[in-house]
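Only a predicted model underlies this, so the values are computations on that prediction, with no experimental measurement involved. In the text below, chain A, chain B and the rest are named by the order of the sequence lines, each starting its count at 1. These values consider heavy atoms only, across backbone and side chains, with no hydrogens, waters or symmetry-generated copies.
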Amino acid sequence: MLQKPRGTRDFLPDEMEARRTIEWRMREVARLWGYREVCTPEFEDLELFTMRSGEGIVEEMYVFLDKGGRNLALRPEITASVIRMYINEAKVAPKPLRWCYFADCFRYERPQKGRYRQFWQFGVELIGADTALADAEVIMLAADMLNATGVTYDLKVGHLSFMKNLLKDLEPPAQRRVMAHLDKKDYDGLKATLDAMDKPELAHSLTTLLECRTLKEAFEIAGNIPGKERIEQTISLLDASGMKYSLNFGIARGLDYYTGTVFEGFAQNLGAENQILGGGTYRLAHLFGGDDVASCGFAIGFDRVMVSLGETQHKKDTVVAIVCTHEGRDHALEVARIFREAGIRSEMDLMERGLGAQLAHASKTADFAIVIGQREAESKNVTLRNLQTGEQKTLDPKSAIAEVASHGACR
RNA sequence: GCCAGGGUAGGGUAGUUGGUUAUCCUAGAGGACUGUGGAUCCUCCGACCCGGGUUCGAAUCUCGGCCCUGGCCCCA
């Protein structure tokens, strides 16, 4: 039997309904903040992604040659595409631009819990606003969005300037090696590396910086930071908003183009792959031949949010089964139509079953049955049966609709 | 790319000194039952992940691959 490709998933209706429910909660939050949806191609020139992230990522992408000999890649993330689109289509649009997206991405990696080769991201990008309030808005929006889904998570906010200031005397490759140690909390390795670089005193400052939980402490360790005021403003805006977060100056986000504020969210009930959100301020447009516009954005790992939410029950549709005899069929079609016009999900038997068998099936799949035989066809009434209680009465279609609508799903 | 544990109908399972037609539950279809369901009974449907090897004979032993689950690495 044919199998689906490794790391991909099929979604049955129950799961899709749960996913759409959460998706729409995020969409609604984005809408309320003024972030409007954009859509970019599923595949792009390979170069778009290597320019952003380096040649190394080719190994972790779905890369292919099209019939015209073009080097293309399935998108491994969406920020690069959005910024490309901004340069191509919207450079002169009034700033700031508030955009969001919900779309699938592809990465060629070893699957595990919360990590798939096709996965969905809900992200936002705020383009062209370079202020403390812009940074704060994006973080508050991220928190709002995660709150709307119902996940329990920890949000960590940091700023790259502190670490960059401590490391400013090191060459970029050395900086990267040090950051790698910090990211893994490998303090022994860090010490060895710094000793080898003849900078042993840095080890203490760096590890202390990671332990800092207030701006004041961080400023004391890292010294005179460029943009100090902006950082203070951003953090005081977050504090004023009353949102929950913690400061963490060890967030490195691994990428050179992040410029300042960075933040990450972690689900409290997931294992190794528990990061559900990542974002920060960055400058990327100039890489793709655009202006050096400031941007700030984040992406939420939608599938991980769903894993974290687990088997949470979602509200189900009320289902009405239209059950009829041969004589009642024409009237039944008419009744089904007006039920649907009233917004009620209505399903008819397609198997030419007898009345008993139709009801047997309805009892497994529906909340109510509308029974229509010769008697109902002649009187233009319907028999409404509550499949939960067995209670049954004959009334006109409009009253039946009212009854079903007032009752709701009872499965 | 690395490590561990797995893979028998749609879902869940039984099945080793290798041996008839692979067990049971559930789901699905049909019937007993052409104006009223969930019970019961009957019938049907449907599986040994793939390939090589050993053997008279492999779900079972063996090798390779694929896939799943979790972890490492990575994580844009």
If pairing requires Watson-Crick or G-U wobble contacts with both distances under 3.5 Å, which nucleotide is the partner of B:U54? none
Base B:G71 to side chain A:Glu273, donor-acceptor N/O within 3.5 Å cut-off: no
Where the side chain of A:Arg375 is concerned, which of B:G35, B:A76, B:C68 is the nearest nucleotide? B:G35
Mate of B:C67 where both pairing distances stay under 3.5 Å, Watson-Crick or G-U: B:G6
Can you tell me the Watson-Crick or wobble partner of B:U21, both distances under 3.5 angstrom? none
May I have all residue pairs that pass ring pair (Phe, Tyr, Trp, His ring centres under 6.0 Å) and include part of residues 158-185 of chain A, sequence neighbours excluded? A:Phe162-A:Phe219, A:Phe162-A:Phe249
Assign A:Ala362 to base, sugar-phosphate, or nothing according to its heavy-atom contacts below 4.0 angstrom with the strands shown. nothing
Using atom CZ of A:Phe298 as one end and atom C1' of B:A76 as the other, report the distance to the nearest whole Å. 17 Å
Could you check whether A:Gln392 gets within reach of a base, just the sugar-phosphate, or nothing at all, counting any heavy atom under 4.0 Å? base
So, A:Glu137 and A:Tyr35: side-chain donor and acceptor under 3.5 Å apart, yes or no? yes
Which of these nucleotides, B:U36, B:G71, B:A76, is closest to any side-chain atom of A:Ala272? B:G71
The side chain of A:Lys113 is closest to which nucleotide in this list: B:U36, B:G71, B:G35? B:G71
What contact category does A:Gly56 fall into here, base, sugar-phosphate, or nothing, at under 4.0 angstrom with non-hydrogen atoms? nothing
Paired nucleotide for B:C33 [Watson-Crick or G-U wobble; both distances under 3.5 Å]: none
Given B:C72, B:A76, B:G35, which nucleotide is nearest the side-chain atoms of A:Glu109? B:A76
In chain order, what residues pass the side chain to side chain donor-acceptor pair (under 3.5 Å) check against A:Asp66, with sequence neighbours excluded? A:Arg70
Non-neighbouring partners of A:Lys191 that pass salt bridge (charged side-chain N to carboxylate O under 4.0 Å, His left out), sequence neighbours left out: A:Asp195
Under 6.0 Å from the six-membered ring centre of A:Phe266 and within 45° of its axis: does the NZ or CZ of A:Lys156 meet both? yes
Those residues at least two apart in sequence (or on a different chain) that pass salt bridge (charged side-chain N to carboxylate O under 4.0 Å, His left out) with A:Glu273 are A:Arg115, A:Arg304
According to ring-ring contact (aromatic ring centres under 6.0 Å, His included), who are the partners of A:Tyr187, at least two apart in sequence or on a separate chain? none
With no hydrogens and no angle check, do the side chains of A:Tyr282 and A:Glu125 hold a donor and an acceptor under 3.5 Å apart? yes
Does the Lys NZ or Arg CZ of A:Arg75 fall within the cation-pi geometry relative to A:Phe106 - under 6.0 Å from the ring centre and within 45° of the axis? no
Selection from B:A76, B:C74, B:G35 that lies nearest to any side-chain heavy atom of A:Ser53: B:A76
Would you say a side-chain N or O of A:Arg107 is under 4.0 Å from OP1 or OP2 of B:A76? no
Name the pairs: protein N/O against N/O of nucleotides 27-29 of chain B, kept only if under 3.5 Å.
unit_1, atom_1, unit_2, atom_2, d
B:A29, OP1, A:Arg353, NH2, 2.5

Rounded off to whole Å, could you give me the CD-to-P distance for the A:Glu15 and B:G11 pair? 15 Å
Can you name the residues that form a salt bridge (charged side-chain N to carboxylate O under 4.0 Å, His left out) with A:Arg25, not counting sequence neighbours? none
Quick one: label A:Glu376 by what it contacts on the DNA or RNA (base, sugar-phosphate, nothing), any heavy atom closer than 4.0 Å. base
From C-beta outward on A:Ile57, which listed nucleotide comes closest to its side chain: B:G70, B:A76, B:G37? B:A76
Could you let me know what B:G1 is paired to, Watson-Crick or G-U wobble, both distances under 3.5 Å, or none if it's on its own? B:C72
Give, ordered by number, those residues of residues 321-328 of chain A having at least one heavy-atom distance below 4.0 Å to an atom of RNA chain B; if nothing qualifies, reply none. none
Across all strands, who's sitting opposite B:A39 as a Watson-Crick or G-U wobble pair, both distances under 3.5 Å? none
Got a sec, which residues hit side chain to side chain donor-acceptor pair (under 3.5 Å) with A:Asp303, two or more places apart in sequence or on another chain? A:Arg9, A:Arg19
Hey, does the side chain of A:Gln112 come within less than 4.0 Å of B:G71's phosphate (OP1/OP2), counting only N and O? yes
What does A:Glu60 touch in the nucleic acid at a heavy-atom separation under 4.0 angstrom: a base, only the sugar-phosphate, or nothing? base
Classify A:Gly373 by what it touches in the nucleic acid, base, sugar-phosphate, or nothing, heavy-atom distance under 4.0 Å. base
Picking from B:G38, B:G71, B:G35, the nucleotide nearest the side-chain atoms of A:Leu355 would be B:G35
I'd like to check the side chain to side chain donor-acceptor pair (under 3.5 Å) partners of A:Arg20; sequence neighbours left out, ordered by chain and number. A:Glu23
The side chain of A:Arg115 is closest to which nucleotide in this list: B:G35, B:C74, B:G37? B:C74
Partner residues of A:Glu15 under the salt bridge (charged side-chain N to carboxylate O under 4.0 Å, His left out) criterion, sequence neighbours left out: none
With the sugar-phosphate defined as primed atoms, P, OP1 and OP2, and the base as all remaining atoms, what B/S/- string results for nucleotides 2-9 of chain B, 5' to 3', for protein heavy atoms under 4.0 Å? BBB-----
